[in-house]
> 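Here it is: the structure, laid out below.
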Amino acid sequence: MRWSQSFIPTLKETPSDAEIISHQLLLRAGLVRKLSGGLYTFLPMGLRALRKIERIIREEMDRAGGIEVHMPALQPSDIWQQSGRYETAADVLYKVRDRSRKEWVLGPTHEEVITTLAANELNSYRQLPKNFYQIQTKFRDEVRPRFGLMRAKEFLMKDAYSFDASDDGAMASYRRMYDAYTRIFARCGLKAFPVEADTGVIGGNYSHEFMVPAETGENDVVYCESGQYAANIEKAVSRGSAVPTPSVSSGEAPEKFPTPGVVTIDALAAAPYLVPAQHQIKTLVYVVDSQLVLILLRGDDQLNEAKLMARTGAVHARPATADEIVATLGARPGSLGAVQQVPATVKVYADVTLRDARGMTTGANEDGFHLRHVDAARDIRVTQWEDLRTVKVGELCVASGQPLKIRRAIEVGHVFKLGTKYSVKLGSTFLAEDGSRQPTVMGCYGIGVTRTLQAVIEQCNDKDGIYWPMSVAPYQVCLTVLDIAPAGRPMQTAEKLLAELTAAGIEVLLDDRDDRPGVKFKDSELVGFPLRVNVGEKGLVKGEVELKPRKGVVRFVKVEDAVREIVAHVQGELAALNADKAS
RNA sequence: CGGGACGUAGCUCAGCCCGGUAGAGCACUUGGUUUGGGACCAAGACGUCGCAGGUUCGAAUCCUGUCGUCCCGACCA
């Protein structure tokens, strides 16, 4: 391919609406252009890199026993009604109506479609297990699309769904996908690692997310340097707060004392009250699936909403409004407590940290007053004790006992053991060997293909631009001719190299533009081709061309050795990326 | 959906406070000189100042509404 005949609109300046480096480089390197918020056109270089990632995914999915299919993006809304997600996923569903006013859904994911297929087609244990996958555009009505391809309204996803006859079988399918994902990301040159993940409203019992460490990620990952534990913060647990909870009772009954104007933990911790945060009980009021509930945490802890939803089995949870709180408890936020004036119908969820807490201070449910000498278990009617707190840096790892760390990361993949939720609702059953009819046991496995592309850029960039891993580069080699006169030695040599390298299976882009060398060098580094070959008169008088790896030093090789050297370089880097995949 | 910022040439931005003929750099076109790290000179083309309404003799500038974009938060099967 020739640069002049492709379309690679590079930008010298950073577009003002791109905040993070990978988004800026997507635009500057001419990989994509924005149509509208969260909607992007892929230009040739972006599309080629995307296709490379797709190809790696297909190879590894096929190798792991995946069966490629292609499902409709436009789906009848009634299967969404059947699964129950017409309501629970309503926020992200794009809905459209046809001429007869019938409603359709633009698929944000395909559990409903594939399970409908399985219900019709998989009827015997002899047909199981099966693992169907596709690479397809998904649509999600994101509240806030951002960071280019990272969170878009329309994006490319590889989704796979396994159907097994037993739980053990499902576990084996899950394991195969887990291993395949490890290989896929390694082959893409990405440093991705699996972490335990929250299972959300699907419930289920086993889930890992594949995370790429990046400051610009939208997830917090709790991990132990021993390598024995890593989890999304929504799911993470520890051996508890590093600060002990008071556990000695004063023996006295709760006592009300005036605290005019005190509405925060910090204010009560300050003079003249001097009640340390860990001696306080924080009372939060939430509306969980339309029911008002109280949530109790130690004063210095933060609620983990994902845990709240997981432990209560809730579909929706939100903080109550001030009006709802006053109507039920008679006091305003800042003076709330669960000791008295809590209607019997209101559930009280307390963090386990408080189970043995004694001598605590909490709100009196009366503006301007708090209670002291509160022994949580003695004085509060707790409906359910649960782990509801968010893990903090430095708490001890449940596995190794070492201090935990937290870092930001980008989620590029998710493997999920679904169980029988969808198979039961959508009727995917089979006849077992003993003649009984049973629901298939499912798993689902997603990779954000477009997000993976951007994650590679987020991880592989420097001040000059992108440096693609050889496996996902739009072209493996940029052949930079420094003088494009058609009859001149540089162009003649370059044409010959282009033909021979292409014949040898190397992906070459010949930069035949009528531009000064500096422009071509800068552009090739910005777009990020892993190897540049400079062909100029200066080298040719010595019978040489220059090999300049994007992240290495320049090397001079004889023209007659160039093809062999270039092939060896490209294949060497590919082999190194593929070697990592063995795990 | 709450909070904030911003919409002026293809891109980056100035002008707006303090109303009075639309600006710069880059990119683009033509000619010339250059030619191993984002060249130089000259000439040229490119704008309903996001849109609508209002105030005013006069609005890019002030006011109101609206649409869009970005950031923070909320949300994220």
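Chain letters run A, B, ... following the sequence lines, proteins first, then strands; residues in each count from 1.
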> When the C1' atoms of B:C28 and B:G10 are compared, how many Å lie between them, rounded to an integer?
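Approximately 9 Å lies between the C1' atom of B:G10 and that of B:C28.
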> Contact class for A:R33 (heavy atom, under 4.0 Å): base, sugar-phosphate, or nothing?
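The residue A:R33 makes no contact with any strand.
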> Over all strands shown, is A:E234 touching base, sugar-phosphate only, or nothing at heavy-atom distances under 4.0 angstrom?
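The residue A:E234 makes no contact with any strand.
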> Honestly, is A:R33 close enough over A:Y40, meaning NZ or CZ under 6.0 Å from the six-membered ring centre and within 45° of the axis?
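No cation-pi geometry.
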> Please give the nucleotide sitting opposite B:U64 as a Watson-Crick or G-U wobble pair, both distances under 3.5 Å, or none.
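Here B:U64 is engaged in a pair, and the nucleotide opposite it is B:A52.
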> Checking contacts here: which listed nucleotide (B:G36, B:C75, B:A39) is nearest the side-chain heavy atoms of A:V519?
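Shortest atom-to-atom distance from the side chain points to B:A39.
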> Would A:Y206 and A:Y174 count as a close aromatic pair, with their ring centres under 6.0 Å?
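They qualify: ring centres under 6.0 Å apart.
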> Say you pick atom P in B:C63 and the same atom in B:A74; how far apart are they, in whole Å?
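That atom pair is separated by 32 Å.
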> Using whole Å, what does the distance between atom P of nucleotide B:A74 and atom CD of A:Q302 come to?
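Rounded to the whole Å, the gap is 11 Å.
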> Quiz question: going by heavy-atom distance under 3.5 Å, is there a donor-acceptor pair between the base of B:G37 and the side chain of A:R532?
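Indeed there is one.
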> Can you measure A:N219 atom CG to B:C76 atom P for me and round it to whole angstrom units?
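Distance, rounded to whole Å: 13 Å.
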> Can you check the distance between B:A14 and B:A9, where both ends of the measurement are the C1' atom (answer in whole Å)?
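It works out to 13 Å between them.
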> Roughly how many Å is it from NZ in A:K522 to P in B:G36, rounded to a whole number?
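Rounded to whole Å, this separation is 15 Å.
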> Looking only at N and O atoms, is any donor in the side chain of A:E537 or the base of B:G36 less than 3.5 Å from an acceptor on the other one?
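Answer no: no donor N or O sits under 3.5 Å from an acceptor.
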> Which comes earlier along RNA chain B counting from the 5' end, the contact point of A:A18 or that of A:P15, where each point is its nearest nucleotide?
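Looking at RNA chain B, the more 5' nearest nucleotide goes with A:P15.
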> Between B:C62 and B:U8, how far apart are the two P atoms, rounded to whole Å?
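Their P atoms lie roughly 15 Å apart.
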> With heavy atoms under 4.0 Å as the rule, sort A:R146 into base, sugar-phosphate or nothing.
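Base: the residue A:R146, judged by heavy atoms under 4.0 Å, touches a nucleobase.
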> Return the pairing partner of B:C40 with a 3.5 Å limit on both distances, Watson-Crick or G-U wobble; otherwise return none.
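Check on B:C40: paired to B:G32, both distances under 3.5 Å.
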> Hey, is the side chain of A:S16 poking within less than 4.0 Å of OP1 or OP2 on B:C11, counting only N and O atoms?
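No, no such contact exists.
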> Tell which nucleotide pairs with B:A24, taking only Watson-Crick or G-U wobble pairs whose two distances are both under 3.5 angstrom.
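Partner of B:A24: B:U12.
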> Pick one: which of A:K425, A:K421, A:E112 meets side-chain hydrogen bond (donor to acceptor under 3.5 Å, both in side chains) with A:S83?
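Option passing the side-chain hydrogen bond (donor to acceptor under 3.5 Å, both in side chains) with A:S83: A:E112.
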> Would you mind telling me which of B:G37, B:A27, B:C70 lies closest to the side-chain atoms of A:E525?
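For A:E525, the side-chain atoms sit closest to B:G37.
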> If only side-chain N and O atoms of A:K548 are considered, is one of them under 4.0 Å from the OP1 or OP2 phosphate oxygen of B:G37?
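False: A:K548 side-chain N/O out of range (4.0 Å or more) of B:G37 OP1/OP2.
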> Are OP1 or OP2 of B:C71 and a side-chain N or O of A:R144 less than 4.0 angstrom apart?
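For B:C71, OP1/OP2 do have a side-chain N/O of A:R144 under 4.0 Å.
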> Given the C1' atoms of B:A59 and B:C49, what is the spacing between them in whole Å?
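Rounded to whole Å, the distance is 11 Å.
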> Can you tell me how far P in B:G68 sits from the matching atom in B:U56, rounded to whole Å?
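To the nearest whole Å, 31 Å.
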> Measuring only the C1' atom in each nucleotide, how far is B:C51 from B:G23? A whole number of Å is fine.
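My reading of the C1' atoms in B:C51 and B:G23 gives 23 Å.
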> When all nucleic acid strands are considered with a 4.0 Å heavy-atom cut-off, which category describes A:D515: base, sugar-phosphate, or nothing?
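If one applies the 4.0 Å heavy-atom cut-off, A:D515 turns out to touch nothing in the nucleic acid.
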> With a non-hydrogen cut-off below 4.0 angstrom, is A:E142 in contact with a base, only sugar-phosphate, or nothing?
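Counting heavy atoms under 4.0 Å across all strands, no contact is made by A:E142.
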> Keeping A:R408 on the side-chain end and A:G217 on the backbone end, is there a donor-acceptor pair under 3.5 Å?
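Between the backbone of A:G217 and the side chain of A:R408 there is a qualifying donor-acceptor contact (under 3.5 Å).
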> More 5' along RNA chain B: A:V143 or A:E13, using each one's nearest nucleotide?
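Looking at the nearest nucleotide for each, A:E13 comes out on the 5' side.
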> Determine, for A:F139 and A:K153, whether the Lys NZ or Arg CZ falls below 6.0 Å from the six-membered ring centre while staying within 45 degrees of the axis.
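No, cation not above the ring by the 6.0 Å, 45° rule.
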> Quick one: do A:K158 and A:E54 make a salt bridge, cutoff under 4.0 Å?
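No salt bridge links A:K158 with A:E54.
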> Tell me the interatomic distance from A:R489, atom CZ, to B:G36, atom P, rounded to whole angstroms.
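Going from CZ in A:R489 over to P in B:G36 covers 16 Å.
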> Within this structure, what is the CD-to-C1' distance between A:E411 and B:C76, rounded to whole angstrom?
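After rounding, the gap between these two atoms is 10 Å.
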> Please work out if A:G37 contacts a base, only the sugar-phosphate, or nothing of the nucleic acid, heavy-atom cut-off 4.0 Å.
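Result for A:G37 = sugar-phosphate.
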> In whole Å, measure the gap between the P atoms of B:A45 and B:G4 for me.
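It works out to 44 Å between them.
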> Whole Å only: how far is the NZ atom of A:K153 from the P atom of B:C75?
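Those two atoms, NZ and P, are 20 Å apart.
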> Please give, in whole Å, the distance from B:C72 C1' to A:D17 CG?
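It works out to 17 Å between those atoms.
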> Hey, does A:Y86 reach any base, or is it just sugar-phosphate, or nothing, if we go heavy atoms under 4.0 Å?
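No contact.
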> Would you indicate what A:D523 reaches in the nucleic acid, counting non-hydrogen atoms under 4.0 angstrom: base, sugar-phosphate, or nothing?
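Touches a base.
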> Counting side-chain heavy atoms from C-beta on, which of B:G36, B:U35, B:C72 comes nearest to A:L482?
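In terms of side-chain proximity for A:L482, the closest of B:G36, B:U35, B:C72 is B:G36.
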> Roughly, in whole Å, what's the span from CG in A:D220 to P in B:C75?
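Nearest whole value for this atom pair: 14 Å.
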> Nearest to the side chain of A:F521, heavy atoms from C-beta on, is which of B:C71, B:G37, B:A39?
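The nucleotide sitting nearest to the side chain is B:G37.
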> Identify which nucleotide among B:U34, B:U69, B:G38 has an atom closest to any side-chain atom of A:K34, counting heavy atoms from C-beta outward.
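Taking heavy atoms from C-beta onward, the closest nucleotide is B:U69.
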> Examine A:R175 relative to A:Y178 and say whether NZ or CZ is less than 6.0 Å from the centre of the six-membered ring and inside a 45° cone about the ring axis.
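Yes, cation above the ring, under 6.0 Å and within 45°.
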> Once you apply the 3.5 Å cut-off to both distances, tell me the Watson-Crick or G-U wobble partner of B:C70, or none.
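Its partner is B:G4.
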> Checking base pairs now: Watson-Crick or wobble, both atom distances under 3.5 Å. What partners B:C75?
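None - no nucleotide pairs with B:C75, as no candidate has both distances under 3.5 Å.
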> If the cut-off is 4.0 Å, is A:R28 near the phosphate of B:C11, judged by side-chain N/O to OP1 or OP2?
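Looking at the OP1 and OP2 atoms of B:C11, neither is under 4.0 Å from any side-chain N or O of A:R28.
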> Should the pair A:D198-A:K307 be classified as a salt bridge under the 4.0 Å nitrogen-to-oxygen rule?
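Result for this pair is no, no salt bridge flagged.
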> Does the pair A:R2/A:D511 count as a salt bridge with the N-to-O cut at 4.0 Å?
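Between A:D511 and A:R2 there is no salt bridge, as every charged N stays at least 4.0 Å from the carboxylate O atoms.
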> Which part of the nucleic acid, if any, lies within contact of A:K520, taking any heavy atom under 4.0 Å across all strands shown: a base, the sugar-phosphate backbone alone, or nothing?
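No contact.
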